[in-house]
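Here the structure comes first, spelled out in structure tokens, and everything after it is commentary.
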Amino acid sequence: MISFQFFIPIFIPLLPTLSPLYLVAFICVPVIPVMMRTLPTLAFLLLSAIGIAQPTLNFTPLSLSGPALVQPLFMSGCGDGSGRLFVVEKRGTIRIIQNNVVSTDFFLDIQDLVMNSGERGLLGLAFHPQYPTTPYIYVNYVIDGTITNRISRFTLNPNNSNDIQENTEFILLEQAGVQTNHKAGGIAFGPDGYLYIGMGDGGGGGDPSNSGQNLETLLAKMLRIDVNAPQGSLNYTIPPDNPFVGEPGRDEIWAYGLRNPWRISFDRETGDFWIADVGQNLWEEVDMVLAGTPGGMNFGWDCREGNHDYEPGNCGSGTEFTWPIFEYPHSCNPCPNGYGASISGGYVYRGSEHPVLEGFYVCADYVSNYLWMIKVTSFDPLELDVYVQDGNGLAYGLVTFGEDDDGELYASNLDGVIYSVSASGFLPVQWGSADAHIIQGGNQIDWTIHQTLGIEYFEVQRSLYSGFDNFTVVTQVEPVEDQISYKYIDPFIHTRTVYYRIAAHMSDGSIEYSPFMRILPDTGSKPSLVFDQNHNLWRINIPNEWQNGEVILYDLQGKEVYTRKIGSQDQLELTPPITPGSYFVKVSGEMGTWSERLVW
């Protein structure tokens, strides 16, 4: 049995004048484990109130004209830059807001298909990643007169960009529940292009059907499917690297042990996956999966509720859990880190209008109106800053958050109020933005600062470690009066993740740091397929760091055709299968997993 660390919370007010706002800090104490954990060791930094960002959330009701919104449950942009905000109404309709005007006509109206009662209704919406070029939307709703979730695709009217054709429904999958509650409903496309579907445990208190740990049901799971092609009798394809392909369990499952994931989202900058899971009687939790992490994680329900035992006998002593990165209680006195009874998940803020909120995951509690801001400050070890704010008087009954095309945030309640979410506060140095990305010949680092008063010079620092225990000073840049944007190109390419930060050396001798930036390995260092038409052969180019692994060929049903070991070779010929057709090839090694589709 391996050891892990238990986190004892310490709560300190940041400023006497900001009494509703607290920084949640944790210290680590070694303990003897009863279960194994898979999430990297968490460290919540205990920071002083001096020199750290202290965002205060603000909620401003939108002043809208047009029809009143009816129980809005979700909002989203569509990715086309039109400025439209699409609002899902629980009854089975979607409306459009543009320039603070609510459309008279529905974008989608499927009220005749939807069961609108309690936790049932039209619950989720996702636009195809190539929308509107690929003119599909995807919805999650409970079928009228049932307790069954249905995931369906609808098609945009080619003659009207504000209208979905209701007669184009294409049903992807259905899953019956146990009782009328815990229908979850969140759906979202990941950076891999696959559709992720959050499924509740089917309802009833305490998971009466024991769905959480049962891999033969889709209930209480996070599903992952490829919506771009059917597979056999399915109206979708199973990604070949889903964790239970070829193993006991449903192939659609990507993760399990969820109770009622109420809102899921991907960080549009990093690809990290955030899940808010509603608790039973004692604890609400936030889960986060780092981008690139393989599936198969067990979030614990119903053996665990948050970090705590619920029905531990339903899991063996060697069960591996992925623990939440944050939890809060239903009952406490005092409650300096907030409390509540039903979490409403949100997003990591990546807009441009509120720099002080940059990188914070924002969520709320539907019952208590408390608000939380969670920010990843280091990945290895995983470190977080967590702030809590009493939201009473700002907003109430928040059931969802939404994100527009520009990354600005919104929230809503069932009374039809849409709030724009903003933040006030200060940064030690007023960093506007900090970004690093790969260009031809190196990595480009861009940063914006709102004022240069007191800065002697900037220092660009590079490290292979997010904690910057070891770093290289790449260059120094002199600030220019009235210039707020700066750029430097670092002629450095590495097959590992690279981190950058800007150190502002102040005239008083102090140093202020920008948010860190992360560049994932150059995609050119991944395997690639080449087809030899003369010999009707597929070959895989194998970069050095991917060698000494294995290659697996699957058919479209996910069945393994053959496996070959990779030695120290730059290219590998794939033996054609007996039956021509479409296949998936997967390369696994120390660098992770890469897969691609091919046709013989």
Side-chain angles (χ1 to χ4, degrees), residues 70-74 87-94 106-126 136-155 164-188 195-225 227 230 233-236 250-254 256 258-264 277-278 280 301-302 342 344 366 399-400 414:
V70 179
Q71 294 188 306
L73 270 185
F74 184 65
V87 180
V88 174
E89 297 179 308
K90 181 172 175 286
R91 61 184 175 180
T93 53
I94 300 175
F106 294 116
F107 180 63
L108 176 71
D109 183 357
I110 53 171
Q111 295 182 70
D112 57 330
L113 301 178
V114 173
M115 183 67 187
N116 180 21
S117 175
E119 295 183 22
R120 293 174 290 174
L122 176 57
L123 303 175
L125 165 69
Y136 300 138
I137 69 166
Y138 300 83
V139 296
N140 186 342
Y141 67 90
V142 178
I143 303 171
D144 187 35
T146 76
I147 54 174
T148 298
N149 283 76
R150 173 183 285 169
I151 313 300
S152 285
R153 185 189 79 193
F154 288 86
T155 303
I164 291 292
Q165 297 174 309
E166 286 81 6
N167 62 357
T168 61
E169 181 176 24
F170 180 74
I171 299 171
L172 293 173
L173 63 84
E174 297 177 351
Q175 174 61 54
V178 179
Q179 296 185 25
T180 60
N181 57 344
H182 298 183
K183 303 307 172 193
I187 56 176
L195 183 64
Y196 290 72
I197 304 166
M199 298 291 290
D201 65 9
D207 192 13
S209 62
N210 293 320
S211 300
Q213 300 298 310
N214 181 2
L215 296 177
E216 297 302 327
T217 176
L218 300 183
L219 295 172
K221 309 300 187 299
M222 187 62 62
L223 312 182
R224 178 176 181 252
I225 62 173
V227 300
S233 62
L234 302 175
N235 286 337
Y236 51 88
R250 294 287 297 271
D251 291 349
E252 293 90 344
I253 297 172
W254 187 73
Y256 61 107
L258 293 165
R259 182 178 178 274
N260 191 28
W262 185 245
R263 295 311 175 216
I264 62 177
D277 199 11
V278 178
Q280 179 66 41
W301 179 251
D302 65 345
S342 182
S344 295
Y366 168 70
V399 291
T400 194
L414 292 177

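Positions are given from 1 along the sequence. What you see is a predicted model, and the numbers here were worked out from it, not measured in a lab.
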_Test your reading of the model: is there a side-chain donor-acceptor pair from Gln175 to the backbone of Asn149, 3.5 Å cut-off?_
no
*Polar contact flag, side-chain donor to acceptor under 3.5 angstrom, Thr93-Arg91*: yes
*Identify the two heavy atoms, one from Ile94 and one from Ile137, that lie closest to each other, and give their separation to 0.1 Å.*
CD1-CD1, 4.4 Å
*Any donor and acceptor pair, going by atom type alone, linking the side chain of Glu252 with main-chain N or O of Leu223 inside 3.5 Å?*
no
_Non-hydrogen atoms of Asp277 and Asn260 that approach each other most closely_ = OD1-N, 2.7 Å
*Which value, rounded to the nearest 0.5 Å, describes the distance between Ile197 atom CD1 and Leu173 atom CG?*
5.0 Å
_Other residues, nucleotides, ligands: >12 heavy atoms within 6.0 Å of Tyr366 OH_ = no
*Any chance the side chains of Glu169 and Ser152 put a donor and an acceptor closer than 3.5 Å?*
yes
*What are the two closest non-hydrogen atoms of Glu119 and Thr180, and how far apart are they?*
CB-O, 4.3 Å
*Can you find a side-chain donor-acceptor pair between Gln165 and Asn167 that sits under 3.5 Å?*
no
_side chain to side chain donor-acceptor pair (under 3.5 Å) assessment of Asp201 paired with Trp301_ = CA-CA 9 Å; Asp201 65 9; Trp301 179 251; 3.0 Å; yes
_Nearest heavy atoms of Ala184 and Gly198, plus distance in Å_ = CB-O, 3.4 Å
*Return yes if some donor-acceptor pair links the side-chain N/O of Lys183 with the main-chain N/O of Tyr141 below 3.5 Å, else return no.*
no
*Which atom of Asp302 lies closest to which atom of Gln213, heavy atoms considered*: N-NE2, 4.1 Å
*Has the side chain of Trp262 got a donor or acceptor atom that lies under 3.5 Å from a matching backbone atom of Val399?*
yes
*Indicate the atoms forming the closest heavy-atom contact of Lys90 with Asn116, along with that distance.*
NZ-OD1, 2.6 Å
*For Ile143, does its backbone N or O pair with a side-chain atom of Thr146 as donor and acceptor, under 3.5 Å?*
yes
*Using only heavy-atom distances, determine whether the side chains of Arg224 and Tyr196 contain a donor-acceptor pair under 3.5 Å.*
yes
*asked:* Checking the side chain of Asn235 only, and the main-chain atoms of Pro230 only, is there a donor and an acceptor separated by less than 3.5 Å?
replied: no
